[in-house]
S.K.: 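Have a look at this one before I ask anything.
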Amino acid sequence: MKVLANDGISESGKNALAEAGIELVETRVSQEHLISFINENHIDVLLVRSATKVREDLIDACPGLKIVGRGGVGMDNIDAEYAIDKGLYIINTPKASSRSVAEMVFAHFFSLARFLHESNRLMPLEGETHFKALKKSFSSAVELEGKTLGVIGFGGIGQEVVKIGISLGMKVKVLTRKPRTETLFLDFFDGQTVNFEITSTTNQEDFFKEVDFLSINTPKSDGYIIDTPQFEMMKDGVFIVNTARGGVLNEVTLLQFIDSGKIAGAALDVFENEPTPELPLLMNPNLSLSPHLGGNTMDAQEKIGAELAAQIIDIKNKL
């Protein structure tokens with residue numbers, strides 16, 4: 001079996017595949033040359049992340065492919081249902097990067113709550129001449145402890161966000177389309193484990209009116225999950241972080257509600273026009289921004305590689 005890891009794979013993944021006697025090809029092939037490369041090199045498994053697209057034309061043109069794997073949660077760049085109908089195995093790693101994304105959520109929350117995103121912009125420019133003025137302008141910061149954390153979506157990432165919120169002493173509320181109950185376990189350094197039973201709500205108005213910090217952790221949606229009606233339900237001074245997908249939140253409307261003072265600040269790790277975000281977003285001082293880094297930690301990549309390799313080996317043993 002030959003595996004093409006077109007967007008890379010971690011050392012843990014490489015080692016696991018090698019131990020199983022599976023050949024790994026690490027060549028980075030451009031999208032336009034991918035079909036010919038797969039066929040000419042008799043590739044059985046194609047592994048991708050966000051960059052490489054696996055559409056119907058590639059699936060039809062590469063009859064030798066047996067497995068397509070996505071290093072991550074979403075399958076936006078893979079025509080997964082079509083591939084399954086054609087007899088391919090489709091694998092992904094829904095839990096491997098959950099903690100990394102959840103920690104990114106709180107990196108942005110802390111940055112917004114303490115104005116670090118703006119302070120880091122202005123200190124190099126004005127720190128020497130306007131130190132006291134800057135200190136005064138950033139004096140209305142808030143703590144997270146005791147505040148209400150709202151999480152939209154209750155998958156692996158949403159659950160990790162809730163767990164971190166609980167560990168910080170936050171109250172938590174979860175919004176889902178259908179009510180569900182999950183038992184979450186917090187493991188501590190001394191071996192203790194504490195579990196919390198969390199039940200989600202489907203009532204948007206009750207949810208939004210109480211939330212101080214809002215995290216969006218949903219799959220890609222056909223339309224906006226957060227738009228004018230949802231913004232209007234929110235309490236004044238809310239902080240919002242989107243690490244889900246571009247297009248789940250109306251960015252134009254977001255800026256309007258920031259300008260009106262309804263929203264104290266927001267953070268975007270994903271964008272509607274990715275990889276070329278709109279300039280008004282990039283220039284707004286009330287936004288904390290990152291270039292789609294949610295799952296991009298060395299820890300997550302090691303977990304992703306190991307999980308993909310384990311699934312490939314399992315399928316190989318069944319074939």
Side-chain angles (χ1 to χ4, degrees), residues 50 97-151 157 160-161 164-165 167-170 211-217 226 231 234 236-246 248-301:
S50 299
S97 60
S98 294
R99 183 68 185 194
S100 289
V101 178
E103 290 189 7
M104 172 64 85
V105 170
F106 281 90
H108 277 299
F109 276 149
F110 282 120
S111 181
L112 290 167
R114 300 304 298 267
F115 303 104
L116 296 181
H117 60 297
E118 193 173 359
S119 177
N120 280 325
R121 289 169 177 164
L122 294 180
M123 278 296 287
L125 301 174
E126 303 179 21
E128 185 178 8
T129 55
H130 296 85
F131 189 93
K132 291 183 178 179
L134 289 175
K135 181 177 181 179
K136 184 177 181 180
S137 68
F138 300 140
S139 62
S140 57
V142 297
E143 297 179 354
L144 274 68
E145 184 181 25
K147 304 301 191 300
T148 298
L149 168 67
V151 180
I157 296 172
E160 287 296 326
V161 171
I164 296 175
S167 71
L168 291 171
M170 303 183 79
V211 168
D212 300 296
F213 291 83
L214 175 65
S215 177
I216 308 171
N217 303 109
I226 304 293
F231 287 127
M234 296 178 190
D236 293 346
V238 65
F239 294 97
I240 302 173
V241 173
N242 181 20
T243 57
R245 288 287 185 272
V248 303
L249 175 149
N250 188 329
E251 295 170 351
V252 174
T253 309
L254 171 69
L255 293 182
Q256 294 172 357
F257 279 90
I258 287 176
D259 290 341
S260 73
K262 178 78 171 182
I263 298 170
L268 302 175
D269 185 53
V270 289
F271 303 85
E272 289 191 66
N273 293 323
E274 197 171 311
T276 55
E278 299 293 343
L279 190 60
L281 296 172
L282 301 179
M283 300 301 293
N284 193 296
N286 293 304
L287 289 179
S288 179
L289 305 172
S290 52
H292 203 151
L293 299 177
N296 283 10
T297 63
M298 291 185 290
D299 308 84
Q301 296 314 309

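Just the heavy atoms: all of them, side chains too, but no hydrogens, waters or symmetry mates, feed the values below. Nothing fancy with the numbering, it's 1 onward along the sequence.
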S.K.: Between Gln301 (side chain) and Gly295 (backbone), is there a donor-acceptor pair under 3.5 Å?
M.R.: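 Yes: the side chain of Gln301 pairs with the backbone of Gly295.
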S.K.: Kindly say whether Leu116 contributes a backbone atom to a donor-acceptor pair with the side chain of Asn120 at under 3.5 angstrom?
M.R.: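 Yes; at least one donor-acceptor contact below 3.5 Å.
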S.K.: Quick one: closest heavy-atom pair of Gly237 and Ala264, and the distance?
M.R.: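 Scanning both residues completely, I find the closest heavy atoms to be O-CB, 3.5 Å.
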S.K.: Atom CZ in Phe110, atom CZ in Phe239: separation rounded to 0.5 Å?
M.R.: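 Spacing of CZ (Phe110) from CZ (Phe239) equals 12.5 Å.
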S.K.: Is the shortest heavy-atom distance from the side chain of Asp259 to the side chain of Asn284 under 4.5 Å?
M.R.: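 Asp259 reaches Asn284 side chain to side chain.
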S.K.: Please round to the nearest 0.5 Å and tell me the distance separating atom CD of Glu145 and atom OG of Ser167.
M.R.: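 Those atoms lie 10.5 Å apart.
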S.K.: Kindly say whether His108 contributes a backbone atom to a donor-acceptor pair with the side chain of Ser111 at under 3.5 angstrom?
M.R.: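 No, Ser111 side chain to His108 backbone: no donor-acceptor pair under 3.5 Å.
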S.K.: Are the side chains of Val241 and Leu112 in touch, meaning some heavy atoms are under 4.5 Å apart?
M.R.: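 Side-chain contact under 4.5 Å: yes.
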S.K.: Which distance, rounded to the nearest 0.5 Å, do you find between the CZ of Phe131 and the NZ of Lys136?
M.R.: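 Separation between the atoms: 15.0 Å.
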S.K.: Do Phe257 and Ile240 come close enough that some side-chain heavy atom pair is under 4.5 Å?
M.R.: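 A side-chain contact is absent here, since even the closest heavy-atom pair is not under 4.5 Å.
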S.K.: So with a 6.0 Å cut-off around CD of Glu126, is the heavy-atom count from everything else above 12?
M.R.: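 Yes, CD of Glu126 has more than 12 neighbouring heavy atoms, counting only those of other groups under 6.0 Å.
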S.K.: State, to 0.1 Å, how close Val105 and Ser215 come at their nearest heavy-atom pair, and which atoms those are.
M.R.: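 That closest heavy-atom pairing would be CG1-OG, 3.5 Å.
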S.K.: Spell out, as yes or no, whether a donor-acceptor pair under 3.5 Å connects the side chain of Asp269 to the backbone of His292.
M.R.: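 Present.
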S.K.: Which is it for Glu160 and Val101 under the side chain to side chain contact (heavy atoms under 4.5 Å, CB included) test, yes or no, and what are the steps along the way?
M.R.: CA-CA 9 Å; Glu160 287 296 326; Val101 178; over 6 Å; no
S.K.: Within this structure, what is the CZ-CE distance for the pair Phe109 and Met170, rounded to the nearest 0.5 Å?
M.R.: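 One finds 6.5 Å between CZ of Phe109 and CE of Met170.
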S.K.: Can you name the nearest heavy-atom pair linking Leu149 to Gly165, along with the distance?
M.R.: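 Reported closest heavy-atom pair: CD2-CA, 3.8 Å.
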S.K.: Please check if the side chain of Glu251 supplies one atom and the backbone of Glu272 the other of a donor-acceptor pair under 3.5 Å.
M.R.: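 Confirmed, Glu251 side chain pairs with Glu272 backbone.
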S.K.: Do the side-chain N and O atoms of Ser100 and Asn296 include a donor-acceptor pair separated by under 3.5 angstrom?
M.R.: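 Short answer, no.
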S.K.: If you round to the nearest 0.5 Å, how far is CD1 of Ile164 from CG of Leu144?
M.R.: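 Taking CG in Leu144 and CD1 in Ile164, the distance rounds to 11.0 Å.
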S.K.: Are Met123 and Leu134 packed together at the side-chain level, in the sense that at least one heavy-atom pair is separated by less than 4.5 angstrom?
M.R.: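 The answer is yes; the side chains approach within 4.5 Å.
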S.K.: Hey, mind stepping through Phe115 and Leu122 against side chain to side chain contact (heavy atoms under 4.5 Å, CB included) and telling me if it holds?
M.R.: CA-CA 11 Å; Phe115 303 104; Leu122 294 180; over 6 Å; no
S.K.: Taking the side chain as every heavy atom from C-beta outward, state whether Thr243 and Asn217 have any atom pair closer than 4.5 Å.
M.R.: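 When only atoms from C-beta onward are counted, Asn217 and Thr243 do touch, with a gap below 4.5 Å.
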S.K.: For Phe271, does its backbone N or O pair with a side-chain atom of Glu274 as donor and acceptor, under 3.5 Å?
M.R.: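 Here the side-chain-to-backbone pair exists.
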S.K.: Give me the atom names and distance for the closest heavy-atom approach of Arg121 to Pro285.
M.R.: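 Scanning both residues completely, I find the closest heavy atoms to be NH1-CA, 3.0 Å.
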S.K.: Heavy atoms, side chains only, cut-off 4.5 Å: are Leu255 and Leu287 in contact?
M.R.: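 The answer is yes, as the side chains (C-beta and beyond) meet within the 4.5 Å cut-off.
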S.K.: Is it true that a side-chain atom of Asp212 and a backbone atom of Thr148 form a donor plus acceptor pair closer than 3.5 Å?
M.R.: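 Flag set: sc Asp212 to bb Thr148 pair under 3.5 Å.
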S.K.: Looking at Leu249 and Phe231, what are the two nearest heavy atoms and their distance?
M.R.: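 It is CG-CZ, 4.3 Å.
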S.K.: Working to the nearest 0.5 Å, report the span between CG of Leu281 and CG of Leu254.
M.R.: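 Answer rounded to 0.5 Å: 7.5 Å.
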